[in-house]
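Just below is one structure, and these are the notes that go with it.
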Amino acid sequence: MKKTQFHPDNLDKYSFFEKVWDVVRLVPPGRVTTYGAIARFLGTGHSARYVGYALNASHQLPDVPAHRVVNRNGLLSGKHHFHGLSMEERLACEGVEVKEDRVVRFKELFWDPSEALQF
DNA sequence: ATAGTGACTGAAC
DNA sequence: GGTTCAGCCACTA
């Protein structure tokens, strides 16, 4: 692995990236979440920007549904970074309707990581 | 070690 | 209501 990023010896858990991926993996199909929600769940709170950056590094990971992560407006801000199947198509495959790069009924489909913990 | 950057967010106008 | 400004943390150069 890398030196700074995946260094179990150095960190309790893995890097911030790993945590982000872990949370994203918890997002159920057909639901979406936001960068801010993930960041808040991780405790950093204001590092929402970096959540997306972490997802950028998760491209090689097939089990990280980065397409379920949108910004707080429900806008597919990171769709430009998807190669191959577009973000909206992946969402549409899960039953999430997307119109004009925006998740329809985003408020209803929104999934908060803390929800998973309560259950 | 300093500076720059990013798939963002909340407050202010 | 939308647009603008500034803060934000972790990583790379």
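A, B, ... follow the sequence lines: proteins, then strands. Residue 1 opens every chain.
- Between the side chain of A:Arg68 and the main chain of A:Val27, a donor-acceptor pair closer than 3.5 Å is present.
- With contacts defined as side-chain heavy-atom distances shorter than 4.5 Å, the pair A:Val104/A:Val98 does not qualify.
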- Message: Show, in sequence, the C-alpha distance, side-chain angles and deciding distance for A:His67 and A:Glu94, and conclude whether the side chain to side chain donor-acceptor pair (under 3.5 Å) test is met.
- Response: CA-CA 11 Å; A:His67 58 276; A:Glu94 298 179 354; 3.1 Å; yes
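- Evaluation of the side chain to side chain donor-acceptor pair (under 3.5 Å) test over residues 26-38 of chain A, restricted to residues two or more places apart or in two chains, returns A:Tyr35-A:Ser77.
- Rounded to whole Å, the distance from CZ on A:Phe16 to C1' on C:dT12 is 16 Å.
- Whole-Å rounding puts the A:Phe17 CZ to B:dG6 P distance at 13 Å.
- Contact check on A:Arg90 versus A:Glu88 returns no salt bridge, with no Lys/Arg side-chain nitrogen under 4.0 Å from an Asp/Glu carboxylate oxygen.
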- Protein heavy-atom contacts under 4.0 Å, written 5' to 3' over nucleotides 7-13 of chain B as B (base), S (sugar-phosphate only) or - (none), form the string BBSS---
